[in-house]
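One structure below.
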Amino acid sequence: MNQNNNIENVITRFAPSPTGFLHIGGARTALFNYLFAKRNNGKFLLRIEDTDKERSTQEAVDAIISGMEWLGLKHDGEIVYQSERAARHAEIAHELMVKGAAFKCYMTPEETEIERNKAFAEGRALRSPYRDNKEDFDKPFVVRLRAPDPAIEVIIDDKVQGQVKTIAKNLDDMILLRTDGTPTYMLAVVVDDYDMGVTYIIRGDDHLINAARQSVIIDAMGWQRPVYAHIPLIHGEDGKKLSKRHGALAVNEYENMGYLPEALDSYLLRLGWSHGDLDIVDLKEASNIFSLSGLGKSPSRLDFTKLGVVNAHFMKIADDKRLLNLVLEYAKNQDVSIDENKIKLIEPAIKDLKERAKTIGELLEQTAFLRANIPLEFNQKSKTLVEGEGKNVIALAIELLNTLIQWDRTHISETITKIATDRGVGLGKIGPVIRAALTGGLVAPDLSATIELLGRDETLVRLKNALDN
RNA sequence: GGUCCCUUCGUCUAUCGGUUAGGACAUCUGAUUUUCAAUCAGGAAAGACGGGUUCGACUCCCGUAGGGACUGCCA
């Protein structure tokens, strides 16, 4: 890629509030911010927006951090905790008051409610009766932003949404400092983004109107506005808002379901972003080509079938040892115990089995034929196959395989063909019988591969057992 | 209620006024076949609706319908 195409001085951030796990929508937002920073050799910062002490929890903070780690979205620098910056936020609020851009509002909650209803009825945003008051009272107060005159147009140039105009009558005198003097989100984001040097803000379009509100603060302070890119939200499979009903919101649930992080990254990337006909793109490649112009304006739906396909792709190219460990871990979570000698059987088989599985869970299922114990449980079909005439086939198989010198699928395949030839029948008569004897009906790879993977000892034991059955 | 955003095959999307509207997944058909997959070949499948602008609109404008967001001393 042409490094000269870099945009200078790119600093992005992901700023989740720790009120729950890292969900799929947040993960995508983080991903876009990460990629945009990487593409431009910039920085990707992480800030925890924990100004709401009631709802923020340490567990949520941990979940977000571990979720991002799992996805491979490493942030630069130290994590900024918004709650630790309250004094700085208050300082700016006071500066805004000095500039006349903010004021003390003494409305009680009841009075506010009445004003709000009035504004609602008039089709405009809340304005405080104290917005022009200069007098100090000995009463509890909040600090509000003095919204621009009603007729003024606040314009946001958004990289995704284009130019979005908001008429100021729809902008409220929003609260900057609560009665207890603590900052609200609206103030905190602006101050933190400024202090952190954030130049590009990529976030959900539920914040689109907030950009207008926040720009009022930025302008009042005489700061430079960041570049905005408001991306559409992700919807559930039914096209409705993503909610718990759709299940699987938290990224760690995807991990538990047996998806690979690089697959989730790749899938999420294509939800709302495109680059011509490119489909499956890994993080490394995306880091070279990601651009804001590839972002779409319309919301997209989650599609687990497609996620499965993408996951299958990444499983095929994943390291076998890593997959083995993931399978073992998955099995443990499912209370499936696998003893050492079975693991020895599974390890070399991963290479073949991963070609046939969409998830780690399916990969575990694929190992079932290896994990089966003697005597095998035969399903109805295989039971019939290993009886009667089938016994002769099995007997011959035992004889030939027993003396086979090179135990690999090529030679095994030759042996099976020989059995068919010896008995004067087609492979179709032989294969199913041996397969039934070896697996009892469980799914398995190609027959010769199955035999190779089972190994000589296990193969012969299973065949003899089927014979004695 | 008000303001803002969105609308191309079932799904993710390409198209940046002129294309037989392309790709991927799913689906269907065929090939392969020793289970289940995988794989290969081929098919069907779309511009929400109604007006404009233009020689020409998926593309630009307006309206309608549908979906979404915001409208907190939450973020």
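Side chains are part of it too, since the values below use all heavy atoms of this structure and drop only hydrogens, waters and symmetry mates. Numbers restart at 1 for each chain; the letters A, B, ... are given by sequence-line order, proteins then strands.
In this structure, the CG atom of Asp172(A) is 11 Å from the C1' atom of rC70(B), given to the nearest Å. Rounding to whole angstrom units, CG of residue Asp205(A) and C1' of rA75(B) are separated by 15 Å. Put simply, CG on Asn210(A) is 12 Å from C1' on rG72(B), counting in whole angstrom units. Look at NE2 on His275(A): it is 11 Å from P on rU15(B), rounded to the nearest Å. Distance CD (Glu54(A)) to C1' (rG72(B)): 15 Å, rounded to an integer number of Å. Between Asp206(A) atom CG and rU3(B) atom P the separation is 20 Å, expressed in whole Å. One interatomic measurement links the two molecules: CG of Leu269(A) to C1' of rA24(B), which rounds to 14 Å at whole-angstrom precision. Regarding Gln82(A), its CD atom lies at a distance of 12 Å from the C1' atom of rC74(B), rounded to whole Å.
Classification of the Phe137(A)-Tyr130(A) ring pair by plane angle, with boundaries at 30° and 60°, yields perpendicular.
Contact annotation for Leu447(A): base contact, defined as any heavy-atom pair under 4.0 Å involving a base atom. Nucleic acid contact for Arg124(A): none, since no nucleic acid atom lies under 4.0 Å from a heavy atom of the residue. Note on Asp446(A): a base of the nucleic acid sits closer than 4.0 angstrom, heavy atoms only. Asp50(A) comes within 4.0 angstrom of nothing in the nucleic acid, heavy atoms only. Base engagement by Ala444(A) is indicated by at least one non-hydrogen atom pair under 4.0 Å involving a base atom.
Here His230(A) and Tyr228(A) bring their ring centres to under 6.0 angstrom of each other. Ring to ring, Phe36(A) and Tyr200(A) are close: their centroids are under 6.0 angstrom apart. No close placement of the His313(A) and Tyr267(A) rings is indicated, their centers lying 6.0 Å or farther apart.
No hydrogens or angles were tested; on distance alone, a donor-acceptor pair under 3.5 Å links the side chain of Thr179(A) to the base of rC73(B).
Comparing the same atom, P, in rC58(B) and in rG72(B) gives a spacing of 42 Å after rounding to whole Å. Rounded to whole Å, the C1' atom of rU59(B) lies 13 Å from the corresponding atom of rU19(B). Across rC60(B) and rC16(B), the matching C1' atoms stand 12 Å from one another, rounded to whole Å.
Of the charged side-chain nitrogens involved, at least one lies within less than 4.0 Å of a carboxylate oxygen, so that Arg270(A) and Asp279(A) count as a salt-bridged pair.
Remark: of the listed residues Leu73(A), Leu249(A), Ile65(A), Val251(A), Val251(A) is the sole one forming a side-chain contact (heavy atoms from CB on, under 4.5 Å) with Leu22(A).
RNA chain B is contacted by Val142(A) of residues 138-149 of chain A, taking any non-hydrogen atom closer than 4.0 Å.
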Stepwise, does the side chain to side chain contact (heavy atoms under 4.5 Å, CB included) test hold for Ile24(A) with Tyr254(A)? CA-CA 9 Å; Ile24(A) 200 79; Tyr254(A) 286 82; 3.6 Å; yes

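Comparing Tyr267(A) and Val309(A) by the nucleotide of RNA chain B that holds the closest heavy atom to each, the one mapping nearer the 5' end is Tyr267(A). Both Lys297(A) and Asp303(A) lie close to RNA chain B; mapped to their nearest nucleotides by heavy-atom distance, the more 5′-ward contact belongs to Lys297(A).
Side-chain contact of Gln82(A) with Asp192(A): a donor-acceptor pair under 3.5 Å is present, judged by distance alone.
At the phosphate of rG68(B), neither OP1 nor OP2 sits under 4.0 Å from any side-chain N or O atom of Arg301(A). Put simply, Thr51(A) has a side-chain N or O that comes within less than 4.0 Å of OP1 or OP2 on rA75(B).
A distance cut-off of 5.5 Å between ring centres, combined with a plane angle under 30°, places His207(A) in a stacking arrangement with the base of rA75(B).
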